[in-house]
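Numbers here simply count residues along the sequence, with the first being 1.
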Amino acid sequence: MSFPLLTATAALPAIGAVATAAVPAARRNAAKALALLFSLATLVLAIVVLVRFDPDGDRYQLTESHSWIAEFGVRYELGVDGIAVALIALTALLIPFIVLAGWHDADPLETGNKRWRPTQGFFALILAVEAMVIISFEATDVFLFYIFFEAMLIPMYFLIGGFGDRAHEHGEETASTQRSYAAVKFLLYNLAGGLIMLAAVIGLYVVAGNFSLTQIAEARANGSLDMATNTERWLFLGFFFAFAVKAPLWPLHTWLPNAMGEATTPVAVLITAVVDKVGTFAMLRFCLQLFPEASKWATPVILVLAVISIIYGALLAVGQRDIKRLVAYASISHFGFIIMGIFAMTSQGQSGATLYMVNHGISTAALMLVAGFLISRRGSRLIADYGGVQKVAPVLAGTFLIGGLATLSLPGLAPFVSEFLVLVGTFSRYPAIGIVATFGIVLAALYTLVLYQRTMTGPVKPEVAAMPDLRARELMVVAPLIVLLIFLGVYPKPVTDIVDPAVKQTLSDVHKKDPQPEVEAAK
C-alpha cells in the first residue's frame, strides 16, 4: 500500500492542533513554537504533493479510496487536480506566516476584568482550520467534502469571537460585544448556506445513488445518469448558494466586513486568503462538474452578481474609515473578479480565476499583515489617526505600498496577470460584462492610493512620531510574500502550467470551447 500522502498532509496540522492545545498554559511560548513547527512540516508535505503531481497525468492524482459508511454509499475518497494542488500549496504557505504574525495576539490580556485568553487554544484553532481547508481541497466524495466544509466554521467561530482585535476605539466591553456579533453573524450566514447545501447533497444521492464526484461526473458524461432539467437546476442552486456565501458574493457578503474587522489581523488573513477560497474552488470542482447544464443556465445571473460585487465592494472600500474593513470590501471586489472568471466559461477566464485565488491570497496577506503591524503600533484601525508614517518607518511604509499596489493589480506584480486573464476571458464571450468590470480597476487604484496617502504621507502626527519600523520577526513574515508577488508577477508560468490542464478538463465538463476570434477575410 502506497503512503497516503494526501491524508498525511491534512492529518499533520490536525495532530499539531491537538498537540498545541495540550501544552500547559504556563508554557505559551512552547505552544507557539510547536504550532509553527507543525505548520512548517505541513508546508514540506504540501511541497512533496506539488512535486509529485504531474500536470499532464490523470485528472485526479495521489488518490485514496476507502469504504466509510457503506450503507449510504459514503467513501473516504481523496484526489487532487492542478487547481487543488495550487490551493493546498497556498494554504500551507500562508499558515506559518499567520502563526508568526499572530505571535503575541493571544497573549494574556491585562484589563479591568482580568480577562484571560488561552494562547495555546489560539494556535491550535488555526492549525485545525488548516487541516479542514486542506482536506476540503482534497475530497472527491461529496459527503466527505460537506462535513469539513461545515466543520471549519466551528474553529473559525471561536477565533473571531474569542480572540478579537485589541485596537478598538470604543473600549473592551463594546469590542467584546461587537466580536460576538461578528462571530454569530459569520456562523449563521455560513450555517444557512450549509443547510441548504445539505438538502442538495441528499438530493444528489437520491438521484445518483452515491456521493463519489468521479463516478457521478463519469455517469453524467457517458449518459448513464440523466438528470431532469429542473432537478439539476435545483441541486445546482443548493450547492452554489453555500459556495456564494463562503466566497463571498453580493448580496451574501455582509458577514465578511464584520468578521475581518473584529478578528485579529492574522485571523482576518485566514478568513479571506484561505477559508474563503474553498467557496470559489468548490464552484469549479462541484458546480461545473456535477451540474454542467445548470451552470450554463445560471451563468448570466451569476455574472451580473459578480460585476455588482466588483463595483459595490470597490465603492464601499473607497468610503471606508477603518483600514481592516477597507481591505475586507476590497476582497469582496476581488472575489467578484474570481467568480466572473469562473463563469465566463473560457480557458483564459478560468485560468485567470484560479491564478487570482493564489495571487489574491498572497497579496491580501501581505497588505493585511503589514496593516496589522501598523495598527498594533498605533492602537487604532482608523485611517484618520495616521499620517507621515513613511518618514518614521520607511520599511513598513514601503512594504505597505507594495501590498497596496498588488491589490490594485499593478503590472509587474502577481495579481495583474490573473486579473488581465479574467478580463480577457470575459471580454471574449461577454464584452458588456467585461467593460463594466473594468471600472473596478479604476476604483481599486482610488481606494489603495488614497489609503496610502492618508496614512503614510503628509506631516508626521505626534502619535506616530516614535513609531518603530518593522522588526526582524515582522520582516520574516512580509519579505517572502513581497518576493512572491514580484516573482509571480514577472513569471507566473509555474502556477499556470499546473492549473491549465485542469481548467481545460473543467471546460470540457460543461461542453464549452473558447470563442474563436472573428477575422475579416482577406480581400
Side-chain angles (χ1 to χ4, degrees), residues 59-60 63 65 68-75 77-79 81 83-84 136 139-150 192-247 249 252 278-306 339 342-346 349-350 353 429 502-513:
R59 180 171 191 172
Y60 293 108
T63 55
S65 182
W68 184 18
I69 310 175
E71 295 82 358
F72 298 101
V74 180
R75 298 184 62 81
E77 286 190 350
L78 305 179
D81 60 3
I83 299 169
S136 296
T140 56
D141 181 279
V142 177
F143 190 79
L144 178 66
F145 169 83
Y146 173 78
I147 287 176
F148 289 99
F149 181 81
E150 287 293 276
L195 289 174
I196 292 174
M197 181 182 169
L198 177 60
V201 168
I202 295 170
L204 180 65
Y205 176 75
V206 171
V207 173
N210 64 79
F211 292 107
S212 173
L213 171 67
T214 53
Q215 291 181 28
I216 297 172
E218 183 179 351
R220 302 268 355 238
N222 62 30
S224 59
L225 175 59
D226 186 18
M227 291 186 194
T229 300
N230 286 337
T231 299
E232 181 177 347
R233 290 177 179 179
W234 280 112
L235 293 178
F236 168 85
L237 290 173
F239 277 77
F240 180 80
F241 183 85
F243 303 151
V245 172
K246 184 85 77 179
L249 178 68
L252 306 172
V278 178
T280 46
F281 164 80
M283 292 178 189
L284 279 165
R285 171 166 281 190
F286 295 101
C287 287
L288 270 60
Q289 193 170 344
L290 292 175
F291 315 110
E293 296 305 317
S295 297
K296 291 186 284 188
W297 162 75
T299 288
V301 174
I302 294 172
L303 288 176
V304 170
L305 294 178
I339 296 169
I342 292 171
F343 284 90
M345 302 291 184
T346 60
Q350 292 189 353
R429 198 182 293 279
V503 165
K504 291 177 181 177
Q505 290 168 325
T506 302
L507 277 179
S508 177
D509 291 333
V510 293
H511 311 294
K512 282 281 191 179
K513 294 181 180 180

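- Summarising the local packing, CZ of F143 is surrounded by 12 or fewer heavy atoms from other residues, nucleotides or ligands at distances under 6.0 Å.
- In the model, R75 has a side-chain atom that pairs as donor or acceptor with a side-chain atom of S65 under 3.5 Å.
- Between M227 and L204, some side-chain heavy-atom pair lies under the 4.5 Å cut-off.
- Shortest non-hydrogen contact noted between L252 and A244 is CD1-CB, 3.9 Å.
- Shown here for K246 and G279, the closest heavy-atom pair between the two residues is CG-N, 3.8 Å.
- For T140 (side chain) and L213 (main-chain N/O), no donor-acceptor pair under 3.5 Å exists by modelled atom type.
- When side chains are defined from C-beta on, F211 does not count as touching L144, because their heavy atoms never get closer than 4.5 Å.
- Contact of the I216 side chain with the N210 side chain is registered, since non-hydrogen atoms from C-beta on lie closer than 4.5 Å.
- Annotation for A139 and F286: closest pair O-CZ, 4.1 Å, computed over non-hydrogen atoms.
- Interatomic distance, L288 CG to F343 CZ, rounded to the nearest 0.5 Å: 5.5 Å.
- Taking the side chain as every heavy atom from C-beta outward, L237 and F241 never approach each other to under 4.5 Å.
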Checking side-chain contact (heavy atoms from CB on, under 4.5 Å) for the pair V201/F239: CA distance, chi angles, key distance, verdict?
-> CA-CA 8 Å; V201 168; F239 277 77; 3.8 Å; yes
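- Heavy-atom minimum distance, A242 versus F149: O-CZ, 3.9 Å.
- The distance from the CG atom of L507 to the OG1 atom of T346 is 7.0 Å, given to the nearest 0.5 Å.
- Closest non-hydrogen pair, L249 versus A247, comes out as N-CB, 4.1 Å.
- S136 and F145 get closest at one heavy-atom pair: O-CD1, 3.4 Å.
- For the side chain to side chain contact (heavy atoms under 4.5 Å, CB included) test with T506, the passing option among R59, R285, Q289, M345 is R59; the others fail.
- If you take CZ on F236 and NZ on K296, they are separated by 12.5 Å, rounding to the nearest 0.5 Å.
- Rounded to the nearest 0.5 angstrom, I302 CD1 and S295 OG are separated by 7.0 Å.
- I202 contributes atom CD1, which lies 11.5 Å from atom CE of M197 (distance to the nearest 0.5 angstrom).
- To the nearest 0.5 angstrom, Q350 atom CD is 5.5 Å from L284 atom CG.
- In this structure, the side chains of F243 and T280 stay at 4.5 Å or more apart for every pair of heavy atoms.
- The list of side-chain hydrogen bond (donor to acceptor under 3.5 Å, both in side chains) pairs with a residue in residues 227-245, not counting sequence neighbours, reads R220-E232.
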